[in-house]
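What follows is a short report on a single structure.
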Amino acid sequence: MSRPQPLSGFPELLPRQRIVEQQVVDHLRRAFELHGFANLQTRAVEPMDQLLRKGETSKEVYVLRRLQAEDTEPAGDDALGLHFDLTVPFARYVLENAGKLNFPFRRYQIQPVWRGERPQSGRYREFWQADIDIVDLGELPAHYEVEVALVVADALRGLPLPKLRMHVNNRKLSQGFYQGLGIRDTEEALRIIDKLDKIGHDAVAKLLIDTVDATPEQAEACLKLASISTADTSFVEQIRALGVTDPLLDEGLDELAAVVAAVAAEAPGFVVADMKIARGLDYYTGTVYEVFIEGQEHLGSVCSGGRYDKLASDGKHTYPGVGLSIGVSRLLVPLLQSGALDATREVPTCVLVALANEDERPAANALAQRLRGRGIPTQVSPSAAKFGKQIKFADKRGIPFVLFTNDEGTQIKDIRSGDQTTVDVDAWNPPAEDLHPTIVTAE
RNA sequence: GUGGUCGUAGCUCAGCUGGUAGAGCACCUCGUUGUGGUCGAGGAUGUCGCGGGUUCGAGCCCCGUCGAUCACCCCA
């Protein structure tokens with residue numbers, strides 16, 4: 001029997017990597033709660049018709065099937081599929097609980113999602129998303145499009161990550177511009193522009209001409225727009241200078257300028273208005289966001305989202321929303337695997353209580369419990385082996401302190417420096433940075 | 001889902017035109033018989049991803065499969 005091999009697209013972490021992930025998630029959670037977002041957890045499955053509502057994403061869904069199901073059993077819309085994001089389940093949850101929720105409602109949700117795609121670096125079949133959304137009843141004020149961007153900027157700040165950049169656009173702006181130009185199928189035009197980075201200027205021009213019947217001049221104007229990218233609100237003048245007018249364009253310009261101005265003020269250097277951001281998902285109707293790791297753009301967006309006006313609607317009421325989803329796995333797994341991110345140790349343990357002989361175990365347990373009582377993670381040595389072995393046990397795991405009991409009383413040794421001093425167990429505290437493992441970045 | 005490349009010890013890798021496996025690091029023991037890391041000596045380790053085929057003989061050739069990775073697709 002050979003060793004089991006990993007399953008493609010289902011990454012699993014080692015303990016010290018998981019410590020990093022856990023701390024990042026804790027950080028995000030604290031930040032979201034500081035902004036007043038309540039936590040929510042939704043079930044892993046949704047009915048297929050809910051998941052397929054957006055049409056094109058259908059092929060990515062993992063379908064759930066009973067082992068004992070008969071082949072004759074229908075696997076249609078009443079079948080269950082694993083959710084592929086957290087926005088669609090949330091929209092369903094809002095509709096289901098509309099009567100019990102207070103609007104505007106803000107929530108965060110940190111859960112795994114599943115997609116049946118072929119894995120690549122940064123692309124997984126099971127991965128974690130950290131999602132925030134704000135939904136309202138009927139109308140959603142535009143200022144929430146500013147707020148969610150600020151929350152994410154705040155949440156990502158202070159994490160030991162490479163430089164991140166948020167690219168923002170507004171669908172009204174792009175579609176208004178295309179409309180003003182006289183292009184009919186503005187949705188399709190948007191999808192084509194979204195390919196700009198991948199297939200290049202000329203191929204996009206050709207597609208626009210072939211697919212949406214754009215004239216060469218219209219195609220050129222679309223590409224001109226897409227080339228605009230500014231870190232402040234100067235994009236407004238640049239777009240005005242292109243001479244296209246449309247009411248929808250005006251709306252988009254105002255909304256995007258508000259987002260960019262606010263985020264640039266709050267998190268300098270973080271945001272950039274980027275007219276070629278379009279987003280694949282077709283339910284977005286206003287601001288769209290994509291965050292990239294600078295220099296790692298090939299990984300794709302590590303956080304994205306936007307405003308959606310009609311995702312949650314029961315026919316009578318509509319609950320427009322805006323939200324962003326951080327791809328926790330995409331952000332962390334490549335950094336963990338390359339060693340760019342690591343933890344100071346692989347266990348929570350701060351102190352190892354050494355054992356002189358097995359008879360002392362009850363006393364050692366009591367000693368450990370006193371440290372734990374003051375919040376110091378402590379474990380007792382697995383055996384009364386030679387002290388050198390016991391120190392090695394701690395060293396291999398990165399446990400910084402070993403406690404000995406000898407003629408001099410209780411002594412704590414910092415095994416990094418070798419310093420060993422007699423201490424009062426009920427008064428001793430490790431340096432704050434040693435109490436819990438922390439994240440370290442490779443140079 | 002489609003196509004390309006790759007898969008040898010825990011890790012990084014070597015292995016000639018097919019002749020039944022090696023290095024460095026890590027690990028274990030001892031020197032140092034109850035305070036680790038250095039140094040020295042010694043030791044253990046693989047169904048060569050898995051399954052099948054060709055051959056007197058396969059780590060090496062062929063087919064399949066699984067995994068890794070890249071591109072497409074799509075997206076966090």
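Each chain gets a letter, A, B and so on, in the order its sequence line appears, and its residues count up from 1.
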Looking at every non-hydrogen atom in both residues, tell me the closest pair between [X] and [Y] and how far apart they are.
X: Leu173(A); Y: Leu225(A); value: CD2-CD1, 4.2 Å
X: Ser229(A); Y: Val272(A); value: OG-CG2, 3.3 Å
X: Gly321(A); Y: Val135(A); value: CA-CG1, 3.8 Å

Is the shortest heavy-atom distance from the side chain of [X] to the side chain of [Y] under 4.5 Å?
X: Thr318(A); Y: Asp309(A); result: no
X: Met166(A); Y: Leu324(A); result: yes
X: Trp128(A); Y: Pro112(A); result: yes
X: Leu164(A); Y: Ile293(A); result: yes
X: Leu403(A); Y: Gln411(A); result: no

Which part of the nucleic acid does [X] contact within heavy-atom distance under 4.0 Å: base, sugar-phosphate only, or nothing?
X: Leu86(A); value: nothing
X: Gly300(A); value: nothing
X: Phe393(A); value: nothing
X: Gly305(A); value: nothing
X: Arg416(A); value: base
X: Asn406(A); value: base

Taking the [atom1] atom of each, how far is [N] from [M], in whole Å?
N: G57(B); M: G67(B); atom1: C1'; answer: 29 Å
N: C16(B); M: G7(B); atom1: P; answer: 13 Å
N: A23(B); M: U45(B); atom1: P; answer: 13 Å
N: G10(B); M: C6(B); atom1: P; answer: 23 Å
N: A68(B); M: C25(B); atom1: P; answer: 31 Å

Whole-Å distance between [N] [atom2] and [X] [atom1]?
X: Asn357(A); N: U35(B); atom1: CG; atom2: P; result: 15 Å
X: Arg330(A); N: C74(B); atom1: CZ; atom2: P; result: 14 Å
X: Asp414(A); N: U35(B); atom1: CG; atom2: C1'; result: 14 Å
X: Glu12(A); N: G67(B); atom1: CD; atom2: P; result: 13 Å
X: Leu207(A); N: C73(B); atom1: CG; atom2: P; result: 11 Å
X: Leu331(A); N: A76(B); atom1: CG; atom2: C1'; result: 10 Å

Give a yes or no answer on whether the side chain of [X] reaches the backbone of [Y] with a donor-acceptor pair at less than 3.5 Å.
X: Arg330(A); Y: Val333(A); answer: no
X: Glu145(A); Y: Val322(A); answer: no
X: Gln390(A); Y: Ala385(A); answer: yes
X: Asn169(A); Y: Ile277(A); answer: yes
X: Arg18(A); Y: Leu13(A); answer: no

Determine which pairs satisfy ring pair (Phe, Tyr, Trp, His ring centres under 6.0 Å) with at least one residue from residues 400-432 of chain A, sequence neighbours left out, and list them in order.
->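 Matches after skipping sequence neighbours: Phe387(A)-Phe404(A), Phe401(A)-Trp428(A).
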Under 5.5 Å and under 30°: Phe127(A) stacked on A76(B) =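 It does: the two rings, one from Phe127(A) and one from A76(B), meet the stacking criterion.
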Sequence neighbours excluded and cut-off under 3.5 Å, please list the side-chain donor-acceptor pairs for residues 199-212 of chain A, or say none.
| from | atom 1 | to | atom 2 | distance (Å) |
| --- | --- | --- | --- | --- |
| Lys206(A) | NZ | Asp210(A) | OD2 | 2.8 |
| Thr211(A) | OG1 | Leu207(A) | O | 2.7 |

So among Thr378(A), Leu367(A), Val351(A), which one has a side-chain contact (heavy atoms from CB on, under 4.5 Å) with Arg372(A)?
->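 So, applying the side-chain contact (heavy atoms from CB on, under 4.5 Å) to Arg372(A) and each of Thr378(A), Leu367(A), Val351(A), only Thr378(A) qualifies.
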Using a cut-off of strictly less than 4.0 Å between a heavy atom of the residue and any atom of RNA chain B, enumerate the qualifying residues of [range] by number.
range: residues 420-428 of chain A; result: Gln420(A)
range: residues 360-367 of chain A; result: none
range: residues 16-28 of chain A; result: none

Would Glu33(A) and Tyr108(A) count as a side chain to side chain donor-acceptor pair (under 3.5 Å) if you check the C-alpha gap in whole Å, the side-chain angles of each, and the deciding distance to 0.1 Å?
-> CA-CA 8 Å; Glu33(A) 292 187 352; Tyr108(A) 75 94; 2.5 Å; yes
Show the distances under 3.5 angstrom between N or O atoms of the protein and N or O atoms of nucleotides 28-31 of chain B.
| from | atom 1 | to | atom 2 | distance (Å) |
| --- | --- | --- | --- | --- |
| U29(B) | OP1 | Lys389(A) | NZ | 2.9 |

Check salt bridge (charged side-chain N to carboxylate O under 4.0 Å, His left out) between Glu294(A) and all other residues, then give those that pass, not counting sequence neighbours.
->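 Per chain and number, Glu294(A) pairs via salt bridge (charged side-chain N to carboxylate O under 4.0 Å, His left out) with Arg165(A).
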Not counting sequence neighbours, which residues clear salt bridge (charged side-chain N to carboxylate O under 4.0 Å, His left out) with Arg43(A)? List them please.
->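 Residues passing salt bridge (charged side-chain N to carboxylate O under 4.0 Å, His left out) with Arg43(A): Glu46(A).
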Base of G37(B) paired with side chain of Asp395(A) (donor-acceptor, under 3.5 Å) =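 Not at all, since no donor on one side and acceptor on the other fall under 3.5 Å apart.
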Geometric cation-pi criterion Arg397(A) and Phe393(A), 6.0 Å radius, 45° cone =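 Yes - Arg397(A) lies over the ring of Phe393(A), closer than 6.0 Å to its centre and within 45° of its axis.
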Pi-cation contact, Phe90(A) with Arg107(A) (under 6.0 Å, within 45°) =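 Geometry flag: set, cation within 6.0 Å and 45°.
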Salt-bridge contact Glu255(A)-Lys172(A) (side-chain N to carboxylate O under 4.0 Å) =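 Salt bridge between Glu255(A) and Lys172(A), a charged N being under 4.0 Å from a carboxylate O: yes.
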Polar-atom pairs under 3.5 Å, protein N or O versus N or O of nucleotides 40-43 of chain B: list them with distances, or write none.
none

Show me, pair by pair, the donor-acceptor contacts under 3.5 angstrom made by side chains of residues 152-161 of chain A, not counting sequence neighbours?
| from | atom 1 | to | atom 2 | distance (Å) |
| --- | --- | --- | --- | --- |
| Asp154(A) | OD1 | Arg157(A) | NH2 | 3.0 |
| Asp154(A) | OD2 | His35(A) | NE2 | 2.8 |
| Arg157(A) | NH1 | Glu266(A) | O | 3.3 |

For RNA chain B, which ranges pair as stems of 3 or more consecutive Watson-Crick or G-U pairs, with both donor-acceptor distances under 3.5 Å?
->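 Runs of three or more consecutive pairs: B:1-7 with B:66-72, B:10-13 with B:22-25, B:27-31 with B:39-43, B:49-53 with B:61-65.
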Can you name the atoms? Protein N/O to nucleotides 70-72 of chain B N/O, anything below 3.5 Å, with the distance.
| from | atom 1 | to | atom 2 | distance (Å) |
| --- | --- | --- | --- | --- |
| C70(B) | OP1 | Ser121(A) | OG | 2.6 |
| C70(B) | OP2 | Ser121(A) | N | 2.7 |
| A71(B) | OP2 | Gln120(A) | OE1 | 2.8 |
| A71(B) | N7 | Gln120(A) | NE2 | 3.3 |

Does A76(B) have OP1 or OP2 sitting under 4.0 Å from an N or O in the side chain of Ser304(A)?
->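 Yes, such a contact exists.
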Considering heavy-atom distances to RNA chain B, does Phe10(A) or Leu299(A) have its closest nucleotide positioned more toward the 5' end?
->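 Checking each residue's closest nucleotide, the 5'-ward one belongs to Phe10(A).
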